[in-house]
Amino acid sequence: MSIATAVNVLRIAPSSPGSAPGSMSLANHLREVRARLIRSALVLVVAFFVALPFYDQLLALVLGPYNQAQDLIGAETVSTAYVAGATGPLMLNLKLCGTAAVVVASPYWLWQAWAFVVPGLLPREKRWSRVFAAVAGPLFIAGVALGYYVLPKGLGVLIGFTPAGMENLVEFGDYFSFFSRMLLVFGLAVEIPFFLVLLNLAGVVTGAQLGRHRSIILMAAVVFAAVATPSTDPFSMLMLAIPMMVLFVLAEVITRVIDRRRRSHALAQVAPWNED
């Protein structure tokens, strides 16, 4: 493949110069999807190779909650992490560095997905979607950080059920899946109240509706935390349910303020007509 061909594959702009502004043929849409996917894949590959030298640090980061859980349960219960199979160490290396690459490169591939969708949005939708892009990321990171803080307590409770005289063996693949699910659940859970605010801005729900169903929403938050939390200990459930409940109440307050301002703006527009 020549350099010119490779550059053409990565082109996002329409290939036909006669295309009308703001419009694209199906073929150009498909070329844009291909270009954005290839660009994202190349960035992921680069991020993967950049992560390889930091394998030891990544392993220490992932095993941190497990080591803290061992400190919490003390010497009464013996627990050992292990890697299964002859190819296990290699797969462990690839899995950790691959996950790190996806996380580190997420701003780029999310931006590529966002850039593909934005041209089809209305100006009002673009404005609120920028708010979503600015707030959703930090909220997700905060949820992941909360999950990382809670994880050692949950692991300590689960490992503590090991019968006396027996050793608990933790296979790293299973542990890493548990680790990922726990952080993902916490990260997504704190986004749900924010979605309620966006629905209010879009005119789908009102603050009064949220207030009428407050008790049901708060109970649903507890049920969601109990079902979604991978660990079965009450501490992890409460550490997920309580922030969700607080954020739901905050979302209700924000939506009521938005509704009040919306009504005031509507009355201000009607008032001049009444004076005439």
Side-chain angles (χ1 to χ4, degrees), residues 1-59 61-62 87-145 147 172-173 176-177 179-188 190-191 194-195 198:
M1 178 184 291
S2 65
I3 296 178
T5 304
V7 170
N8 188 54
V9 169
L10 295 175
R11 279 175 55 101
I12 291 179
S15 59
S16 55
S19 299
S23 64
M24 271 183 137
S25 65
L26 177 60
N28 283 328
H29 272 299
L30 294 177
R31 290 190 187 96
E32 181 182 1
V33 171
R34 180 188 63 183
R36 295 192 184 280
L37 287 176
I38 294 176
R39 287 183 175 192
S40 299
L42 290 176
V43 170
L44 285 172
V45 171
V46 172
F48 173 79
F49 283 103
V50 170
L52 285 175
F54 300 96
Y55 167 72
D56 292 335
Q57 291 84 346
L58 293 172
L59 182 60
L61 178 67
V62 173
T87 60
L90 175 61
M91 295 307 299
L92 168 60
N93 195 322
L94 297 178
K95 185 182 293 187
L96 277 181
C97 295
T99 303
V102 171
V103 173
V104 171
S106 59
Y108 183 81
W109 55 261
L110 285 174
W111 174 72
Q112 288 293 328
W114 171 250
F116 179 75
V117 174
V118 162
L121 298 178
L122 299 174
R124 175 183 174 86
E125 294 171 334
K126 290 181 181 179
R127 183 172 70 250
W128 293 122
S129 58
R130 290 192 191 100
V131 174
F132 170 79
V135 178
L139 266 180
F140 182 80
I141 293 173
V144 169
F172 184 85
F176 188 71
S177 298
F179 175 90
S180 304
R181 288 200 309 271
M182 188 79 165
L183 299 192
L184 182 62
V185 164
F186 271 79
L188 293 178
V190 298
E191 300 279 2
F194 181 59
F195 282 121
L198 288 181

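Treat the numbers as computed from the prediction; the structure is a model and nothing was measured.
Under the side chain to side chain contact (heavy atoms under 4.5 Å, CB included) test applied with F48, the options V46, V50, L52 reduce to a single match, L52.
Rounded to the nearest 0.5 angstrom, F176 CZ and L96 CG are separated by 5.0 Å. Atom CG of N93 sits about 9.5 Å away from atom CG of L59, to the nearest 0.5 Å. With rounding to the nearest 0.5 angstrom, the CZ atom of F194 is 6.5 Å from the CG atom of L139.
In this structure, Y108 and L44 have side chains that are not in contact, with every pair of non-hydrogen atoms separated by 4.5 Å or more.
Contact between A105 and A47 at its shortest, heavy atoms only, is CB-CB, 4.4 Å. Here the shortest heavy-atom pairing between L58 and A51 reads CD1-O, 4.1 Å. M182 approaches G147 most closely through the heavy-atom pair CG-O, 4.5 Å. Scanning all heavy atoms of the two residues, the minimum distance from F49 to P53 falls at O-CD, 3.3 Å. Residue V62 comes nearest to F172 through the heavy atom pair CG1-CZ, 4.0 Å, listed as atom of the first residue, atom of the second, then distance.
Not counting sequence neighbours, the partners of V33 by the side-chain contact (heavy atoms from CB on, under 4.5 Å) test are L37, F116.
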